Amino acid sequence: MDAFIRVANQSQGRDRLFRATQHACMLLRYLLESKAGKEAVVTKLKNLETSVSTGRKWFRLGNVLHAIQATEQSIQAADLVPRLCLTLANLNRVVYYICDTVLWAKSVGLTSGINREKWQVRAARHYYYFLLLSLVRDLYEVLLHMGQVARDRAKREKSSGDPPKYSVADEESEWFQSFLLLLFQSLKRNPPLFLDTVKNFCDILIPLNQLGIYKSNLGVVGFGGLVSSVAGLITVVYPQLKLKAR
């Protein structure tokens, strides 16, 4: 109950709850569309999804200010690669929220002469750039942690005097197993990095589909959005699991 109250008291938490509901409706709609006699349920799910999506736009109206603040913070990151990736990513997020605000104004009739399709493409493009740069930062962090895990393991094996338990051998299968082991251990050691990588990877399916770069069905987009929303909710409930800039 305390966790739910913490989420409900934050605009970001409420947006995550609404987003999880929206994508859960999308996923259920995809699963039920092919079943006979479920037309009424599908219609209700579609209406709920539309209503939740409209409600989310209200929560996002002030997010452009948060994105600007995040950009200022990312400039101060000590490590060059995260600083560059996060700064460019947050700049794209600022533009995305501006486009989102224009689309909201168009939907409520505050502006006229706005080409909705063009602004939707612009929003999707900058959202895609934001997520792509965020994933590059995640990949950089993963590689750093994999290197640290490999060094720690080598030290342990050297101090124990035992032969290497896992070695990067010439065989492709053994190299791949060693790589997967390093990846697993790295993400296990760093839950914030794991959550951020999962969230960004699942999120990027949405703009990829919108821009026609990689077409996926409603079920894939809904499932990805649901997983991403749950990962985001976890970081809201437990702020210590939010990935920090170096």
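Model, not experiment: these values are computed from the prediction.
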**OP:** Of all the heavy-atom pairs spanning Pro239 and Lys244, show the shortest one and how long it is.
**Re:** O-NZ, 3.3 Å

**OP:** Begin from the C-alpha positions of Leu195 and Leu243 and carry the test side chain to side chain contact (heavy atoms under 4.5 Å, CB included) through to its verdict.
**Re:** CA-CA 8 Å; Leu195 285 174; Leu243 186 62; over 6 Å; no

Original post:
With no hydrogens and no angle check, is any side-chain donor or acceptor of Ser53 less than 3.5 Å from a backbone partner on Glu49?
Top reply: no

Original post:
Around atom OH of Tyr30, are there more than 12 heavy atoms of other residues, nucleotides or ligands at under 6.0 Å?
Top reply: no

Original post:
Counting N and O atoms only, with roles assigned by atom type, does the side chain of Asn217 sit under 3.5 Å from a partner on the main chain of Val220, one being a donor and the other an acceptor?
Top reply: yes

Original post:
What residues form a side-chain contact (heavy atoms from CB on, under 4.5 Å) with Ala150, not counting sequence neighbours?
Top reply: Leu182

Original post:
Going from CG on Leu86 to CZ on Arg93, what distance comes out if it is rounded to the nearest 0.5 angstrom?
Top reply: 9.5 Å

Original post:
Hydrophobic cluster mates of Ile98, side-chain heavy atoms under 4.5 angstrom, ILVMFWY only, any path?
Top reply: Val64, Leu65, Ile68, Val94, Tyr96, Tyr97, Val121, Tyr127, Tyr128, Tyr129, Phe130, Leu131, Leu132, Leu135, Phe201, Ile204, Leu208, Leu211, Ile213, Tyr214

Original post:
Got a second to check how far Leu180's CG is from Gln185's CD, nearest 0.5 Å?
Top reply: 11.5 Å

Original post:
Going through the distances and angles, do Arg19 and Arg56 end up as a side chain to side chain contact (heavy atoms under 4.5 Å, CB included)?
Top reply: CA-CA 7 Å; Arg19 190 175 190 266; Arg56 286 187 61 218; 3.5 Å; yes

Subject >> Atom NZ of Lys106 with >12 non-hydrogen neighbours under 6.0 angstrom >> reply: yes

Original post:
Going by atom types only, do Ser134 and Asn200 share a side-chain donor-acceptor pair under 3.5 Å?
Top reply: no

Original post:
If two hydrophobic side chains count as joined below 4.5 Å and joins carry through other members, does Leu28 share a cluster with Val221?
Top reply: no

Original post:
Do Leu133 and Asn92 come within less than 4.5 Å of each other through their side chains, counting heavy atoms only?
Top reply: yes

Original post:
Nearest 0.5 Å, what's the CE-CG distance between Met26 and Leu48?
Top reply: 11.5 Å

**OP:** Kindly indicate, with the supporting measurements, whether the criterion side chain to side chain contact (heavy atoms under 4.5 Å, CB included) is fulfilled by Arg16 and Val230.
**Re:** CA-CA 8 Å; Arg16 293 292 180 183; Val230 171; over 6 Å; no

Original post:
Can you name the nearest heavy-atom pair linking Ala67 to Asn90, along with the distance?
Top reply: O-CB, 4.1 Å

Original post:
Below 4.5 Å, heavy atoms only, C-beta onward: do Glu141 and Pro82 meet side chain to side chain?
Top reply: yes

Original post:
Do His145 and Val142 touch side chain to side chain, with heavy atoms closer than 4.5 Å?
Top reply: no

Subject >> Closest heavy-atom pair and its distance - Gly225, Ser229 >> reply: O-OG, 2.7 Å

Original post:
Going through the distances and angles, do Asp152 and Arg189 end up as a salt bridge (charged side-chain N to carboxylate O under 4.0 Å, His left out)?
Top reply: CA-CA 12 Å; Asp152 292 344; Arg189 283 188 181 187; 3.0 Å; yes

Original post:
Do the side chains of Val198 and Leu226 join up, straight or via other hydrophobic residues, at under 4.5 Å, putting them in one cluster?
Top reply: yes

Subject >> Side-chain heavy atoms of Leu45 within contact of Val41, under 4.5 Å >> reply: yes

Subject >> Donor-acceptor contact present, side-chain Thr235 to main-chain Lys242, <3.5 Å >> reply: no

Original post:
Is the shortest heavy-atom distance from the side chain of Ser107 to the side chain of Arg116 under 4.5 Å?
Top reply: yes

**OP:** Determine whether Leu218 and Ile206 fall in the same hydrophobic cluster, where Ile, Leu, Val, Met, Phe, Trp and Tyr are linked whenever their side-chain heavy atoms lie under 4.5 Å apart.
**Re:** yes

**OP:** Looking only at non-hydrogen atoms, find the nearest pair between Gly224 and Leu205 and report the distance.
**Re:** CA-CD1, 4.4 Å

**OP:** Is it possible for you to say whether Val81 and Leu144 belong to one hydrophobic cluster, with membership spreading through side-chain heavy-atom contacts below 4.5 Å?
**Re:** yes

**OP:** Please round to the nearest 0.5 Å and tell me the distance separating atom CG of Asp138 and atom NZ of Lys199.
**Re:** 8.5 Å

**OP:** Return the minimal non-hydrogen interatomic distance between Lys215 and Asn209, and the atom names on each side.
**Re:** NZ-O, 3.4 Å

Original post:
With side chains defined as the heavy atoms from C-beta onward, is the minimum distance between Gln120 and Gln210 less than 4.5 Å?
Top reply: no

Original post:
Would you say Lys46 has more than 12 foreign heavy atoms packed within less than 6.0 Å of its NZ?
Top reply: no

**OP:** Look up atom NZ in Lys38 and atom OG1 in Thr43, then write down how far apart they are to the nearest 0.5 Å.
**Re:** 13.0 Å

**OP:** Output the distance between atom OG (Ser51) and atom CZ (Phe18), rounded to the nearest 0.5 Å.
**Re:** 10.0 Å

**OP:** Please name the pair of heavy atoms, one in Ala124 and one in Pro207, separated by the smallest distance, quoted to 0.1 Å.
**Re:** O-CB, 3.6 Å

**OP:** Would you mind reporting whether Pro192 and Asn190 have side-chain heavy atoms less than 4.5 Å apart?
**Re:** yes

**OP:** Give a yes or no on whether Leu103 and Leu110 share a hydrophobic cluster (residues Ile, Leu, Val, Met, Phe, Trp, Tyr; joining criterion: side-chain heavy atoms under 4.5 Å apart).
**Re:** no

